[in-house]
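Quick caveat: nothing in here was measured; it's all calculated off a predicted structure. Ligands are counted one by one from 1 in listed order, and the atoms in each one are counted from 1 as well. Atom set for the values below is all heavy atoms of this structure, side chains included, hydrogens, waters and symmetry mates excluded.
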Amino acid sequence: MGIILPKQVGTEEGKLLFQNSVGVKDFDEGRKIVESLKKTLEHYGGVGLAAPQIGISRRVFVVNISPTENYPGLPKIGFQAYINPEILEISQEINKDYEGCLSVFYATLRGLVERANSLKIRYLDINGEEQTEEIEHPFYSRVVLHENDHLNGKLFLQRMKTEDFSNLYWNEDLDIRKKDKYGK
Ligand SMILES: [Zn+2]
């Protein structure tokens, strides 16, 4: 498995986006999925990617978060894999911000979503070690909740409030196919 153009909502290949994924039992398989997610995320860009987005119904997601020129306030997390994650707690405090998704019109569609500011998560890391992590940064928390939703067949669109649908917008510059010279 290498780089895979993320499956899209509304296509036959994207059906897994609406299904519950199953836990990883074979850790070698988990590692291979992480590798493919990592390559795909690095290729297409973005801050997170979940296994169902590359056509694999397993409970695995990755994030890649670092400060950028446009967003210098982002935490320096870098690349991190979450295998069989479980959200243990989420904060009462919430914030609302725009999200997009590599599986929703190739990341071009942006909509406002409310998410918890912080959370606690338990997962297996890339070495198969169980970790418990408290995520305090609202952006990091948002990414983790978005990716974890993918494992439960839920898209950010389904988290939106009705009143925010009027603020949905397109940004064609974000189309991930532009990063793929073959544009499959
Ligand atoms: Zn997504």
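Note on the Zn ion (ligand 1): protein N/O/S atoms under 2.8 Å are Cys101 SG, His146 NE2, His150 NE2.
Every residue two or more places apart in sequence or in another chain that forms a side chain to side chain donor-acceptor pair (under 3.5 Å) with Asp175 is listed here: Arg177. Every ring pair (Phe, Tyr, Trp, His ring centres under 6.0 Å) that Tyr123 has, sequence neighbours left out, goes to Tyr82.
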Could you please spell out the steps behind the side-chain contact (heavy atoms from CB on, under 4.5 Å) verdict for Lys154 and Leu151?
CA-CA 7 Å; Lys154 203 154 212 178; Leu151 309 186; over 6 Å; no
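Phe18 belongs to a hydrophobic cluster whose other members, connected by ILVMFWY side-chain contacts under 4.5 Å either directly or through intermediates, are Val9, Leu17, Val104, Phe105, Leu109, Val113, Leu155, Phe156, Leu157, Met160, Phe165, Leu168, Trp170.
No more than 12 heavy atoms of other residues, nucleotides or ligands shown are found within 6.0 angstrom of CD on Glu12.
Screening Asn117, Asp97, Asn95 for a side chain to side chain donor-acceptor pair (under 3.5 Å) involving Arg142 leaves a single residue, Asn95.
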